[in-house]
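The block underneath contains the structure these notes are about, expressed in structure tokens.
Every chain is numbered from 1, with letters handed out A, B, ... down the list of sequences.
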There are 2 protein chains.
Amino acid sequence: MTADHVFTALASPARRELLRLLLDEGVQPAGRLAERFDMSRPSVSEHLKVLKDAGLVAETRRGRERLYRLEAAPLMEIRDWLSPYERFWRDRIGGLSDLLDEMEDEEDA
Amino acid sequence: MTADHVFTALASPARRELLRLLLDEGVQPAGRLAERFDMSRPSVSEHLKVLKDAGLVAETRRGRERLYRLEAAPLMEIRDWLSPYERFWRDRIGGLSDLLDEMEDEEDA
DNA sequence: ACTATATGTAGGATTTTCCCTACATATCAA
DNA sequence: TTGATATGTAGGGAAAATCCTACATATAGT
């Protein structure tokens with residue numbers, strides 16, 4: 001459930017696709033999700049486990065199937081991690097921070 | 001330089017730390033960056049290469065050293081990827097989308 | 001030219017990830 | 001109870017990531 005787990009979970013295209021499916025199509029049982037992949041069902045199940053450990057999905061048991069739903073909250077951590085960088089690429093267009101960076105660099109020149 | 005490369009690059013704590021150092025302290029030569037890590041200098045060099053391939057850093061040669069600078073633009077892609085999920089976790093507090101998700105789920109009930 | 005410095009690359013050992021095929025478990029339906 | 005369905009887990013093999021120690025290359029300084 002740490003930020004590290006979240007970054008790791010997002011590193012896999014298959015897992016990002018799982019999140020997308022849950023976002024676009026809502027809660028679904030594991031089997032229905034697995035159908036969409038060019039991969040064995042147990043492998044998809046493993047990916048779901050990684051997502052669950054990262055807190056990105058939650059499961060609810062309904063009869064013999066398990067419904068997975070998106071838990072987007074951990075993505076807030078990614079957003080928070082990202083935000084300090086926004087300033088940087090916004091300013092680069094103006095070129096001001098470029099100048100500042102150059103000056104900073106002169107420290108060891 | 002694809003989004004996939006960026007996600008992969010961000011999956012490593014060492015590489016995220018490199019980005020943070022460049023953000024907080026500005027342009028630096030490879031050696032000064034490597035000093036901060038509990039890891040061999042060549043390993044840090046490899047991490048820098050991964051970041052460079054992802055477009056997250058750029059290098060400039062100055063004499064015998066290579067200055068690395070942050071290139072935050074690819075992080076915009078991450079931000080874009082993230083944005084569709086914002087709606088989701090914002091709404092969950094109100095509980096409205098929970099209801100909608102439940103309804104969507106009833107499709108196959 | 002010669003030595004020291006800054007850095008990337010090669011090659012390899014270890015660990016981790018990814019994906020598969022069995023198999024176990026639980027539930028549903030007759 | 002019996003058989004089918006839905007799903008997770010075990011075990012293992014192949015591929016990729018990670019990190020290391022040499023080594024090669026280029027520049028700086030004397």
Requested in this report: Report the C-alpha distance between A/V57 and A/L22 in whole Å, list the side-chain angles of each, state the deciding distance to 0.1 Å, and finish with yes or no for side-chain contact (heavy atoms from CB on, under 4.5 Å).
Outcome: CA-CA 9 Å; A/V57 304; A/L22 292 175; 3.7 Å; yes
Query raised in the report: At what angle, to 10 degrees, do the two end axes of the helix from C/dA1-D/dT30 to C/dA30-D/dT1 meet, given five pairs define each axis?
Result: 20°
Requested in this report: Start with the C-alpha distance between A/R61 and A/E59, add both sets of side-chain angles, then the distance that settles salt bridge (Lys or Arg N to Asp or Glu O under 4.0 Å), and finish with yes or no.
Outcome: CA-CA 7 Å; A/R61 310 175 70 141; A/E59 78 183 19; 5.4 Å; no
In whole Å, what is the span from the [atom1] atom of [X] to the [atom2] atom of [N]?
X	N	atom1	atom2	value
A/E65	D/dT5	CD	P	14 Å
A/R64	D/dG3	CZ	P	16 Å
B/R61	D/dA26	CZ	P	8 Å
A/L33	D/dA6	CG	P	14 Å
A/R62	D/dA6	CZ	C1'	12 Å

Report task. Return the 5'-most residue of the pair B/L48, A/V50 with respect to DNA chain C, ranking by each residue's nearest nucleotide. Result -> B/L48
Query raised in the report: Relative to the 5' end of DNA chain C, which residue comes earlier, A/P13 or B/S45, by the nucleotide with the nearest heavy atom?
Result: B/S45
Query raised in the report: Any donor-acceptor pair under 3.5 Å linking the side chain of A/T8 with the backbone of A/D4?
Result: yes
Query raised in the report: Is B/R15 reaching over with its side chain to a backbone N or O of B/L10, donor-acceptor style, under 3.5 angstrom?
Result: no
Can you give me the closest heavy-atom contact between [X] and [Y], atom names plus distance?
X	Y	value
A/A9	A/A54	CB-CB, 3.9 Å
B/P74	B/G55	CG-O, 3.1 Å
A/Q28	A/L21	NE2-O, 3.6 Å

Report task. Measure from the side chain of B/S43, starting at C-beta and using heavy atoms only, and say which of D/dC19, D/dA4, D/dT21 lies closest. Result -> D/dC19
Requested in this report: Give B/Y68 one of three labels, base, sugar-phosphate or nothing, depending on what nucleic acid heavy atoms sit under 4.0 Å from its own.
Outcome: sugar-phosphate
Query raised in the report: Please, which pairs that meet ring pair (Phe, Tyr, Trp, His ring centres under 6.0 Å) have at least one residue in residues 25-82 of chain B, sequence neighbours excluded?
Result: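 Non-adjacent pairs meeting ring pair (Phe, Tyr, Trp, His ring centres under 6.0 Å): B/F7-B/W81, B/W81-B/Y85.
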Query raised in the report: Taking any atom under 4.0 angstrom from a heavy atom of chain A, which nucleotides of DNA chain C are the first and last to qualify, 5' to 3'?
Result: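 For DNA chain C, the relevant span reads C/dC18 to C/dC28.
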Query - A/L33 CG to A/R41 CZ distance, which is reported to the nearest 0.5 Å - result: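 It is 12.0 Å, given to the nearest 0.5 Å.
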